[in-house]
Amino acid sequence: MANNHGFVFGARIGSELVGFAYGFPCIPDSWTPPYLYLQLIVVHPEHQGAGIGRTMMVALADFALARGLLTVRWAFDPVDTRNAHFYLDVIGASAQQFVPDMYGAAADAPTDRVIAEWDLTDYAGPTILHAPRGASTC
């Protein structure tokens with residue numbers, strides 16, 4: 001992954017891997033600035049709500065900014081309201097596009113996705129993730 005300028009982050013508690021994220025930089029065309037694409041971020045269900053996802057998103061923002069990338073994009077399942085809240089309300093990303101059946105027909109699950117975009121232009125570091133907009137937290 002690193003040889004192709006991608007990234008992999010792991011989150012551990014002791015020796016246990018409790019989360020990971022991976023992705024890669026994208027250069028779409030000459031009119032669109034390069035951005036970082038987050039292919040997948042996962043936190044073990046037993047450790048969700050403990051700030052691990054936030055910590056990985058901070059690492060992701062730092063990784064992008066260190067490479068001059070001011071935008072992070074990813075796809076998420078709009079039916080998963082907990083993730084939608086985290087990405088849109090807590091992180092502050094915006095929903096850019098709805099993609100029906102993004103990954104093709106799956107056995108028993110639709111793969112409709114929303115493309116999220118996180119503008120890091122005004123990113124103020126980890127404190128932005130520990131003071132979410134509104135009263136609710138993840």
Side-chain angles (χ1 to χ4, degrees):
M1 186 71 102
N3 290 338
N4 294 306
H5 307 286
F7 68 90
V8 177
F9 297 131
R12 294 181 183 270
I13 296 178
S15 62
E16 180 184 9
L17 182 68
V18 296
F20 71 91
Y22 74 93
F24 43 87
C26 295
I27 304 173
D29 55 46
S30 59
W31 298 280
T32 306
Y35 60 91
L36 193 65
Y37 189 80
L38 174 60
Q39 181 66 38
L40 182 67
I41 183 169
V42 177
V43 175
H44 190 284
E46 292 178 10
H47 298 283
Q48 292 176 0
I52 294 166
R54 291 177 193 223
T55 300
M56 287 194 295
M57 292 301 284
V58 168
L60 180 69
D62 291 344
F63 180 87
L65 291 170
R67 286 150 184 81
L69 302 171
L70 299 177
T71 305
V72 179
R73 294 182 185 164
W74 63 93
F76 70 92
D77 183 351
V79 176
D80 186 339
T81 56
R82 184 174 182 175
N83 281 346
H85 165 69
F86 176 68
Y87 295 140
L88 303 177
D89 297 328
V90 176
I91 299 298
S94 60
Q96 295 296 308
Q97 179 183 7
F98 176 76
V99 182
D101 207 18
M102 183 168 173
Y103 302 113
D108 292 322
T111 61
D112 296 344
R113 296 294 182 263
V114 169
I115 305 300
E117 183 172 288
W118 187 17
D119 180 358
L120 300 176
T121 305
D122 296 323
Y123 177 70
T127 56
I128 195 168
L129 299 182
H130 295 289
R133 287 184 270 154
S136 59
T137 60
C138 276

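Just the heavy atoms: all of them, side chains too, but no hydrogens, waters or symmetry mates, feed the values below. Fair warning: this is a prediction, and the values are worked out from it, not measured in the lab.
- In this structure, I52 and A11 approach most closely via the heavy-atom pair CG2-CB, 3.6 Å.
- Scanning all heavy atoms of the two residues, the minimum distance from L120 to L69 falls at CD1-O, 4.0 Å.
- Between I41 and the options W74, F76, Y87, a side-chain contact (heavy atoms from CB on, under 4.5 Å) holds for only Y87.
- Looking at every heavy atom in both residues, F98 comes nearest to P78 through CE1-CG, 4.2 Å.
- Put simply, the side chain of Y123 reaches to within 4.5 Å of the side chain of D62, judged on heavy atoms.
- Note: the hydrophobic cluster containing Y103 does not contain V79 (ILVMFWY, side chain heavy atoms under 4.5 Å, direct or indirect links).
- In this structure, L60 CG and W118 CH2 are separated by 6.5 Å, a value rounded to the nearest 0.5 Å.
- Note that R67 lies in the cation-pi zone of F63, set by a 6.0 Å cut-off to the ring centre and a 45° limit from the axis.
- Side-chain atoms of M57 and V72, non-hydrogen and from C-beta on, never get closer than 4.5 Å to each other.
- Taking the side chain as every heavy atom from C-beta outward, Y35 and E117 never approach each other to under 4.5 Å.
- For the atom pair CG of D77 and CZ of R82, the computed distance is 14.5 Å after rounding to the nearest 0.5 Å.
- The minimum heavy-atom distance linking A95 with L88 is given by the pair N-CD2, 3.8 Å.
- Taking T81 as the reference, nothing meets the side chain to side chain donor-acceptor pair (under 3.5 Å) condition, with sequence neighbours excluded.
- Counting heavy atoms from C-beta outward, V99 and I115 have side chains that approach closer than 4.5 Å.
- Under the 4.5 Å side-chain heavy-atom criterion for ILVMFWY residues, a single connected hydrophobic cluster contains both V8 and V42.
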Could you pull out all donor-acceptor pairs under 3.5 Å where a side-chain atom in residues 24-33 meets a protein atom, sequence neighbours excluded?
{"from": "D29", "atom 1": "OD1", "to": "W31", "atom 2": "N", "distance (Å)": "2.9"}
{"from": "D29", "atom 1": "OD1", "to": "T32", "atom 2": "N", "distance (Å)": "2.7"}
{"from": "D29", "atom 1": "OD1", "to": "T32", "atom 2": "OG1", "distance (Å)": "3.0"}

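- Taking the six-membered ring for Trp and thresholds of 30 and 60 degrees, F20 and Y22 have nearly parallel ring planes, at less than 30 degrees apart.
- Side-chain contact between M56 and V43 is present, with at least one heavy-atom pair separated by less than 4.5 Å.
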Passes side chain to side chain contact (heavy atoms under 4.5 Å, CB included), Q96 versus R73? Steps please. CA-CA 9 Å; Q96 295 296 308; R73 294 182 185 164; 5.9 Å; no

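- Using a distance-only test at 3.5 Å, with no hydrogens or angles considered, a donor-acceptor pair links the side chain of D112 to the main chain of D101.
- Atoms CD and NE2, from E16 and H47 in turn, are 4.0 Å apart once rounded to the nearest 0.5 Å.
- With a 4.5 Å cut-off on side-chain heavy atoms, L36 and F7 count as touching.
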